[in-house]
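In what follows, chains are A, B, ... by sequence order, proteins preceding strands, each numbered from 1.
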2 protein chains.
Amino acid sequence: MSTKTAYTIQQVAEITGLSGHTLRYYERIGLLSSVVRAANGHRRYTDDTIREIEFLNKLRATGMPIREMQHYAELRRQGQSTLAERQAMLKSHHAVVTEQLRLLQEYLKVIEYKIVLYQKLQEEQQHESTPVGS
Amino acid sequence: MSTKTAYTIQQVAEITGLSGHTLRYYERIGLLSSVVRAANGHRRYTDDTIREIEFLNKLRATGMPIREMQHYAELRRQGQSTLAERQAMLKSHHAVVTEQLRLLQEYLKVIEYKIVLYQKLQEEQQHESTPVGS
DNA sequence: CTACAACTTTGAGCGCACTCTAAGTCAAGG
DNA sequence: CCTTGACTTAGAGTGCGCTCAAAGTTGTAG
């Protein structure tokens, strides 16, 4: 009943959506802690590592720079004494993303407005016989 | 009554948040149509151009690649016959951004969850054996 | 006249986040 | 034994979006 499921790099690539190249890259820049090796030197990923990668993916997708993720990973490695600092990082990132979200929504409205405007212009065009400059 | 207000590149930089370098760059890759020159060859921007730049900024901020913006600008230059295509581009981009927004909100929730988790872990830590103080 | 600041151009350089190449190892199958 | 294919490493290359450098012109102030 032990969760000894060990994934190959190929499998993890499929599961996480990262390429094998990127998985190795993430490991060597210190984003991934402790990837175990098989007898032949090949990487063997655990469920834990996969969950770790999936969280990293969410940080990336929300725009956290690699640099910051490296810092986060470093704190993680230092153990529970860094819980507060990690939490602070997440809070700060949360605020940034929230603001980003607000802006996106605002800009989306402008784009919507423009779509409607283009609609009107096209309708005008069809009701007119002679083209008019914009 | 004519709005003859002509801005220097420096002024436009301040207004739009883009650097002078970037304004020239945008012009040479064809994002900006028709920037008029003063007698000495210096650029003079109109209110119209500023509005154009501000809209481009919104497209950029919502993640539209420069390539796509170039296409959009090219269509603009071709006149009102491209209204439908430009509208289609904006609609497509709108859909992409909306999806992006959805994902961001989802990931934000995961981050929130983690912040709460870290809170709990810290509280546990304080209620346990080891004396505080570092 | 000189100095300086603000612009101009062309083209090179940079930071980020991958992405790929080359050369090598190893285990399994024919 | 030989080939195949999945892996390994270190390091080079790529694409994007700027960003800067160098050299030259122009207009104004002292």
Side-chain angles (χ1 to χ4, degrees), chain A residues 6-32 34-46 49-50 52-74 93 96-97 100 107, chain B residues 6-32 34-46 49-50 52-74 93 96-97 100 107:
Chain A
Y7 304 91
T8 66
I9 195 165
Q10 197 83 91
Q11 289 169 320
V12 178
E14 265 168 44
I15 293 166
T16 63
L18 296 179
S19 72
H21 290 304
T22 303
L23 285 169
R24 289 191 207 97
Y25 165 67
Y26 273 15
E27 188 180 341
R28 88 177 126 158
I29 67 171
L31 287 185
L32 267 39
S34 66
V35 176
V36 176
R37 300 309 179 99
N40 58 8
H42 292 194
R43 288 170 179 81
R44 291 293 174 262
Y45 295 83
T46 65
T49 313
I50 287 175
E52 202 181 328
I53 293 166
E54 277 170 345
F55 186 63
L56 289 179
N57 273 344
K58 284 170 181 53
L59 292 182
R60 278 295 300 132
T62 50
M64 184 182 284
I66 293 282
R67 271 293 166 84
E68 213 170 318
M69 286 169 53
Q70 285 176 305
H71 183 203
Y72 182 82
E74 174 58 25
H93 183 58
V96 170
V97 178
Q100 166 74 0
Y107 297 162
Chain B
Y7 305 90
T8 67
I9 195 166
Q10 197 81 91
Q11 288 170 320
V12 177
E14 266 169 45
I15 293 166
T16 64
L18 297 178
S19 71
H21 291 305
T22 304
L23 285 169
R24 287 188 208 98
Y25 165 68
Y26 274 15
E27 188 179 341
R28 88 177 126 160
I29 67 171
L31 287 186
L32 268 38
S34 64
V35 176
V36 176
R37 301 309 179 98
N40 58 8
H42 292 193
R43 289 170 179 80
R44 290 292 173 262
Y45 296 83
T46 66
T49 313
I50 287 175
E52 202 181 328
I53 293 165
E54 278 170 345
F55 185 63
L56 289 179
N57 273 345
K58 284 171 181 53
L59 292 182
R60 278 296 300 131
T62 50
M64 183 182 284
I66 292 281
R67 270 293 165 84
E68 213 170 316
M69 286 170 52
Q70 284 176 306
H71 184 204
Y72 182 82
E74 174 58 25
H93 183 59
V96 168
V97 178
Q100 167 73 0
Y107 297 162

TODO: Indicate, with a heavy-atom threshold strictly under 4.0 Å, whether Arg44(B) touches base, sugar-phosphate, or nothing.
DONE: nothing
- [ ] Indicate the atoms forming the closest heavy-atom contact of Thr49(B) with Tyr45(B), along with that distance.
- [x] CG2-CD2, 3.8 Å
- [ ] Can you measure from CD1 (Ile50(B)) to CG (Asn57(B)) and round to the nearest 0.5 angstrom?
- [x] 11.5 Å
Open item on the list: Looking at Arg67(A), I'd like to know if its CZ atom is crowded, meaning that more than 12 non-hydrogen atoms belonging to other residues, nucleotides or ligands lie closer than 6.0 Å.
Closed with: no
TODO: By nearest nucleotide on DNA chain C, pick out whichever of Ile9(B) and Met64(A) is the more 5' one.
DONE: Ile9(B)
Task: Closest-nucleotide ordering on DNA chain D, the 5'-leading residue of Ala39(B) and Pro65(B) - done: Pro65(B)
Open item on the list: Counting C-beta onward and ignoring hydrogens, is there a side-chain heavy-atom pair between Met69(B) and Arg60(B) closer than 4.5 Å?
Closed with: yes
Open item on the list: Between Tyr72(B) and Phe55(B), is there a side-chain heavy-atom distance shorter than 4.5 Å?
Closed with: yes
Open item on the list: Regarding Arg28(A), tell me which of base, sugar-phosphate or nothing describes its non-hydrogen contacts under 4.0 Å with the strands shown.
Closed with: base
Task: Closest non-hydrogen atom pair, Thr8(B) against Gln11(B) - done: N-OE1, 2.8 Å
- [ ] Provide the start and end nucleotides, 5' to 3', of the part of DNA chain C that has atoms under 4.0 Å from heavy atoms of chain B.
- [x] dC7(C) to dG11(C)
Task: Check: Tyr26(B) and Ile53(B) side chains under 4.5 Å, non-hydrogen atoms - done: no
Task: Main-chain N/O of Lys58(A) paired with Thr62(A) side-chain donor or acceptor, under 3.5 Å - done: yes
Open item on the list: A side-chain contact here means heavy atoms from C-beta on lying under 4.5 Å apart; do Gln70(A) and Leu31(A) qualify?
Closed with: yes
Open item on the list: Going 5' to 3' along DNA chain D, between which two nucleotides do contacts with chain B fall, using a heavy-atom cut-off of 4.0 Å?
Closed with: dG17(D) to dG27(D)
Open item on the list: Contact list please: residues 15-22 of chain A against DNA chain C, heavy atoms, distance less than 4.0 Å, in numerical order.
Closed with: His21(A), Thr22(A)
Open item on the list: I need the Ile9(A) CD1 to Glu14(A) CD distance, nearest 0.5 Å.
Closed with: 12.5 Å
Open item on the list: At 4.0 Å (heavy atoms only), tell me whether Arg43(B) reaches a base, stays on the sugar-phosphate, or touches nothing.
Closed with: sugar-phosphate
